[in-house]
Participant: 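Attaching a single structure in structure tokens format; questions to follow.
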Amino acid sequence: MVLWDDLLEGDLPAGTTLLSWRGMSGAVVAARRGHDVISCPDNHAYLDYRQSDLDTEPIPQSVVLDLDRVHAFEPVPAELSPEEAGHVIGGQANIWTEYMDSGRVVDYFAFPRLAAIAEVLWTPARLRDLPGFRERMETHLLRLEAMGVEFRRPQGPEPWQQRPGIAGRPRTEEERDTHIARITGRSCPPVNALTGHTP
């Protein structure tokens, strides 16, 4: 079974793989309990989240996940031992499209951040280089443009990419935490740093 980290508060059957979406605490707890983990923390890898604090961002949902923040995503939590880290079998980006009314809008939210996710997941941490990535993106954006991908421009959304009048949801980390607790009916499980267990 592959389950969301909401289910960590109960007993998981052996062999369960956990999707850690409410930050990385679920990844830590699950790996320390011997479960495999796919890291997809919303505050680094949810590509339906806003890309800047500009008032012109369409569907401005949750905290800002700009290209730099997505590139800083680390799927293996540093506090895990090498054995525990072996349970992190990968990472993924999520993009929820219930507010996106066309493929063009999905393009805007996915690109170029999806390129940052690809680099994070396919390049060893010691070889990741944000300035080098940004330099390579200049060429990659030309490729996306040539292919007709409606990506987000570095300067912000073009007029046809904006959705005026949509206020958006939580903007701060604190508001995000409160929102997630409300929609899931619980908060992210606290992690005991020594045992990896929830109290």
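For the single chain, residues carry numbers from 1 onward in sequence order. Remember, predicted model here, so these are calculated numbers, not experimental data.
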Participant: Quick check: does any side chain N or O of Arg163 sit under 3.5 Å from a backbone N or O of Pro58, one acting as donor and the other as acceptor?
Facilitator: no
Participant: For the residue pair Arg50 and Val63, establish whether any side-chain heavy-atom pair is separated by less than 4.5 Å.
Facilitator: no
Participant: Side chains of Asp66 and Gln51: closer than 4.5 Å at any heavy-atom pair?
Facilitator: no
Participant: Between atom CH2 of Trp21 and atom CD of Gln92, what is the distance when rounded to the nearest 0.5 Å?
Facilitator: 13.0 Å
Participant: Going through the distances and angles, do Val76 and Glu74 end up as a side-chain contact (heavy atoms from CB on, under 4.5 Å)?
Facilitator: CA-CA 6 Å; Val76 181; Glu74 177 48 63; 3.8 Å; yes
Participant: Would you call Tyr46 and Pro41 a side-chain contact if the rule is heavy atoms closer than 4.5 Å?
Facilitator: no
Participant: Just by distance, no angles: are the side chains of Tyr49 and Asp42 close enough, under 3.5 Å, to form a donor-acceptor pair?
Facilitator: yes
Participant: Any idea how Trp96 and Trp4 line up, ring-wise: parallel (<30°), tilted (30 to 60°), or perpendicular (>60°)?
Facilitator: tilted
Participant: Rounded to the nearest 0.5 Å, what separates atom CG in Asp36 from atom CD1 in Ile89?
Facilitator: 4.5 Å
Participant: Could you check whether any side-chain heavy atom of Val88 comes within less than 4.5 Å of a side-chain heavy atom of Pro77, counting everything from C-beta outward?
Facilitator: yes
Participant: Using 0.5 Å steps for rounding, measure from the CG atom of Leu47 to the CZ atom of Phe109.
Facilitator: 10.0 Å
Participant: What is the distance from atom CG of Leu19 to atom CD1 of Ile38, rounded to the nearest 0.5 Å?
Facilitator: 5.0 Å
Participant: Strictly below 4.0 Å, N to O, side chains only: are Arg32 and Glu83 in salt-bridge contact?
Facilitator: no
Participant: Can a salt bridge be assigned to the pair Glu145 and Arg153 using a cut-off of 4.0 Å between side-chain N and carboxylate O?
Facilitator: yes
Participant: Just so I know, are the side chains of Met1 and Pro13 near enough to count as touching, which here means a heavy-atom distance under 4.5 Å?
Facilitator: yes
Participant: Between atom OG1 of Thr17 and atom NE2 of His35, what is the distance when rounded to the nearest 0.5 Å?
Facilitator: 9.5 Å
Participant: Can you check salt bridge (charged side-chain N to carboxylate O under 4.0 Å, His left out) on Arg134 and Asp68, steps first, answer last?
Facilitator: CA-CA 9 Å; Arg134 284 196 156 280; Asp68 291 3; 2.7 Å; yes
Participant: Is the count of non-hydrogen atoms from other residues, nucleotides or ligands lying under 6.0 Å from Glu98 atom CD greater than 12?
Facilitator: yes
Participant: Would you say that Asp48 contacts Ile59 through its side chain, given a criterion of any heavy-atom pair below 4.5 Å between the two side chains?
Facilitator: no
Participant: Would the number of heavy atoms belonging to other residues, nucleotides or ligands and lying under 6.0 Å from CG of Asp101 be above 12?
Facilitator: yes
Participant: Take Thr123 and Phe133, measure what side-chain contact (heavy atoms from CB on, under 4.5 Å) needs, and give me the verdict at the end.
Facilitator: CA-CA 11 Å; Thr123 305; Phe133 171 75; over 6 Å; no
Participant: For the residue pair Leu67 and Arg113, establish whether any side-chain heavy-atom pair is separated by less than 4.5 Å.
Facilitator: yes
Participant: Which atom names give the shortest non-hydrogen contact between Ala45 and Ile117, and what distance separates them?
Facilitator: CB-CD1, 4.1 Å
Participant: Restricting to non-hydrogen atoms, name the atom on Leu141 and the atom on Pro154 that form the minimum distance, rounded to 0.1 Å.
Facilitator: CD1-CG, 3.9 Å
Participant: For Gln161, which of Arg152, Glu150, Glu57 qualifies under side-chain contact (heavy atoms from CB on, under 4.5 Å)?
Facilitator: Glu150
